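On a predicted model such as this, the values are computed, not experimentally measured, just so you know. Nothing fancy with the numbering, it's 1 onward along the sequence. We count ligands from 1, going down the list as the structure has it; atoms in each ligand are counted the same way.
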Amino acid sequence: MLDAAPNRPDLPAEIARRRTFAIISHPDAGKTTLTEKFLLYGGAIQMAGQVRAKGEARRTRSDFMKMEQDRGISVSASAMSFDFKTFRFNLVDTPGHSDFSEDTYRTLTAVDAAVMVIDGAKGVESQTKKLFEVCRLRDLPIFTFCNKMDRESRDTFEIIDEIQENLAIDVTPASWPIGMGRDFLGCYDLIHDRLELMDRADRNKVAETIEIKGLDDPKLAEHVSAHLLVQLQEEVEMARELLPTLDPQAVLEGHMTPIWFGSAINSFGVKELMDGIGEYGPEPQPQSAEPRQISPEETKVSGFVFKVQANMDPKHRDRVAFVRLASGHFRRGMKLTHVRSKKPMAVSNPVLFLAADRELAEEAWAGDIIGIPNHGQLRIGDTLTEGETLKVTGIPSFAPELLQGVRAGDPMKAKHLEKALMQFAEEGAAKVFKPMIGSGFIVGVVGALQFEVLGSRIELEYGLPVRFEPSQFTSARWVTGPKAAVDKLINANKQHIGHDNDGDVVYLTRLQWDIDRVIRDYPDVTLSATKEMM
Ligand code: G4P
């Protein structure tokens with residue numbers, strides 16, 4: 001977290017009430033179900049079940065492709081805004097599949113906090129751990145939801161220990177489960193000292209809250225069987241002795257995570273989690289930028305593009321750039337400066353993502369995500385301001401881990417292919433390199449599924465069947481340094497040199513040995529596996 005004190009007195013109330021976050025989890029832990037319940041409590045959807053299509057669609061590869069083709073669904077699910085009590089929540093979706101880690105990484109640059117969902121029977125799984133590490137790079141505050149407590153799950157202390165040990169973060173229980181599996185009754189709310197009872201008969205019903213005066217209150221016995229009550233009293237006593245108490249500052253700094261236990265499908269524990277995000281979650285945070293940091297309360301509007309989605313309507317080749325507002329109060333029709341091109345840009349039809357609907361955004365505040373339809377001017381990493389030359393930093397592009405050659409099925413269509421590839425490269429869906437020697441393009445991705453998605457989108461959106469073929473290269477590194485040194489490297493290694501879609505030089509190889517040799521022989525040149533999006 002950057003160095004701004006929370007509760008700054010001059011932060012406008014509209015900004016202070018915003019909570020912008022993402023959910024991180026391993027597939028199947030319950031992210032979709034939890035999202036659905038968030039929207040339900042946020043009044044954004046009438047009935048649970050509307051986000052369902054997405055959860056199910058993701059299950060198989062072919063269904064996943066269908067989902068990708070149905071751009072509407074994935075777009076509206078990319079960012080969702082809803083009100084909960086006095087708060088405005090902006091939930092930014094992270095792509096579910098592990099193959100899209102780069103996209104996920106960039107999504108996490110647009111949020112101020114994350115909700116980590118774990119399955120009570122499975123604990124911390126691989127994908128959760130990976131995503132958690134990304135959050136840690138930015139010290140994002142983490143709110144943990146231990147889901148599926150209505151099923152047989154692990155011992156509560158064991159779950160907490162596993163998170164502490166695996167993720168090296170302090171865990172403080174915000175609630176404590178009573179019974180488990182078939183005997184799961186609900187939770188004891190450790191923050192408010194009250195009992196929350198789950199309703200098994202109606203999955204969409206909000207839990208019944210029973211106000212009590214501490215764990216010795218005789219009223220407890222009316223709701224909890226003697227055996228479970230003794231267990232609860234013992235466990236909570238032990239938890240209070242052994243586990244750290246909630247420290248709001250440590251939560252904001254990302255050193256401590258409060259954990260709620262619940263069952264998303266039974267709507268249980270979700271509201272308490274939302275209360276927690278509202279109360280202990282961060283307001284919109286300052287954004288790192290060059291030459292100076294941007295503070296949300298600045299009156300001038302600024303924002304940056306963290307995601308681009310193209311071809312929502314193949315006939316028009318339109319794109320939506322997802323912009324996280326970093327400062328100010330945005331109003332529809334405003335003229336902003338597109339810093340990279342130094343050109344003004346009238347933002348006349350911005351979109352706010354209110355659950356399943358897209359609505360024209362009349363206004364938005366720092367912390368909000370708006371969609372700006374455009375014809376390709378806006379790229380990932382771009383900064384928009386009211387005139388000042390500021391460049392948001394920290395939105396990297398990663399060197400792809402898999403490279404393949406790509407050819408159009410019809411050789412006459414090579415130009416079309418180039419156009420399609422450039423478009424996807426700008427969208428961030430793949431890296432595209434043009435080797436100096438030879439014809440054709442090399443496409444690089446982080447996960448193999450991206451090749452399939454790319455192939456199917458080129459065919460669907462450009463009517464162009466393509467073939468991927470093995471490439472002689474397996475690694476790409478961006479080359480930077482003084483011009484003379486870079487030119488010297490290029491001239492002596494033409495067969496290894498290519499350019500990316502921004503025209504930047506890359507060194508392509510299949511051997512780590514080659515990379516080590518270049519580092520040794522060209523000390524003035526830097527080879528790098530990430531590039532800041534310009
Ligand atoms: P994901 O987005 O993280 O992948 O998970 P998703 O919400 O799709 O949930 C994965 C499975 O876990 C779903 O079951 C869902 O119904 C179930 N689930 C979610 N929350 C709970 C819970 O609190 N308790 C229990 N017992 N199950 C839960 P599925 O059979 O794969 O799909 P479906 O047929 O229910 O749609």
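Residue Ile265 has at least one nitrogen or oxygen atom sitting less than 3.5 Å from a nitrogen or oxygen atom of ligand 1, judged on distance alone. For a threshold of 3.5 Å applied to N or O pairs, the pair formed by Ala264 and ligand 1 contains at least one separation below that value. Considering backbone and side-chain atoms alike, Gly262 places every N or O at 3.5 Å or more from each N or O of ligand 1. Between Asn266 and ligand 1, not a single N/O pair is under 3.5 Å apart.
Looking at Ile23, Thr32, Thr33, Val117, it is Thr33 that brings a heavy atom closest to atom 9 (O) of ligand 1. For atom 5 (O) of ligand 1, the choice among Ala121, Gly181, Gly30, Ser267 with the nearest heavy atom turns out to be Gly30.
Residue Lys148 touches ligand 1 through backbone and side chain together, judged by heavy-atom distances below 4.0 Å. For Pro27, every heavy-atom contact with ligand 1 shorter than 4.0 Å involves the backbone, none the side chain. The parts of Asp28 lying near ligand 1 are both backbone and side chain, judged by heavy-atom distances below 4.0 Å.
A distance of 11.0 Å separates CZ of Phe304 from CG of Leu384, quoted to the nearest 0.5 Å. The CD atom of Gln127 sits 8.0 Å away from atom OG of Ser25, with the distance rounded to the nearest 0.5 Å. Here the CE atom belonging to Met149 is positioned 5.0 Å from the CD1 atom belonging to Ile159, to the nearest 0.5 angstrom. Atom-to-atom distance recorded for Lys37:NZ and Ile265:CD1 is 6.0 Å, nearest 0.5 angstrom.
The residue from Ile191, Val270, Asp275 that alone fulfils the side chain to side chain contact (heavy atoms under 4.5 Å, CB included) condition with Trp260 is Ile191.
Ligand 1 is approached by Asn147 to a heavy-atom distance shorter than 4.0 Å.
If you number the atoms of ligand 1 from 1 as listed, the ones under 4.0 Å from a heavy atom of Lys31 come out as 1 (P), 2 (O), 3 (O), 5 (O), 7 (O). Which parts of ligand 1 touch Ser263 is read off a 4.0 Å heavy-atom cut-off, strictly below it: atoms 22 (C), 23 (O), 24 (N).
In the model, Ser81 has a side-chain atom that pairs as donor or acceptor with a side-chain atom of Asn90 under 3.5 Å.
Counting only distance, with no hydrogens or angles, the side chain of Thr20 and the backbone of Asp112 share no donor-acceptor pair below 3.5 Å.
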Side-chain donor-acceptor contacts of residues 228-238 below 3.5 Å, not counting sequence neighbours, with atom names and distances?
from: Gln231; atom 1: NE2; to: Glu235; atom 2: OE2; distance (Å): 3.2
from: Gln233; atom 1: NE2; to: Leu215; atom 2: O; distance (Å): 2.8
from: Glu235; atom 1: OE1; to: Trp176; atom 2: NE1; distance (Å): 2.7

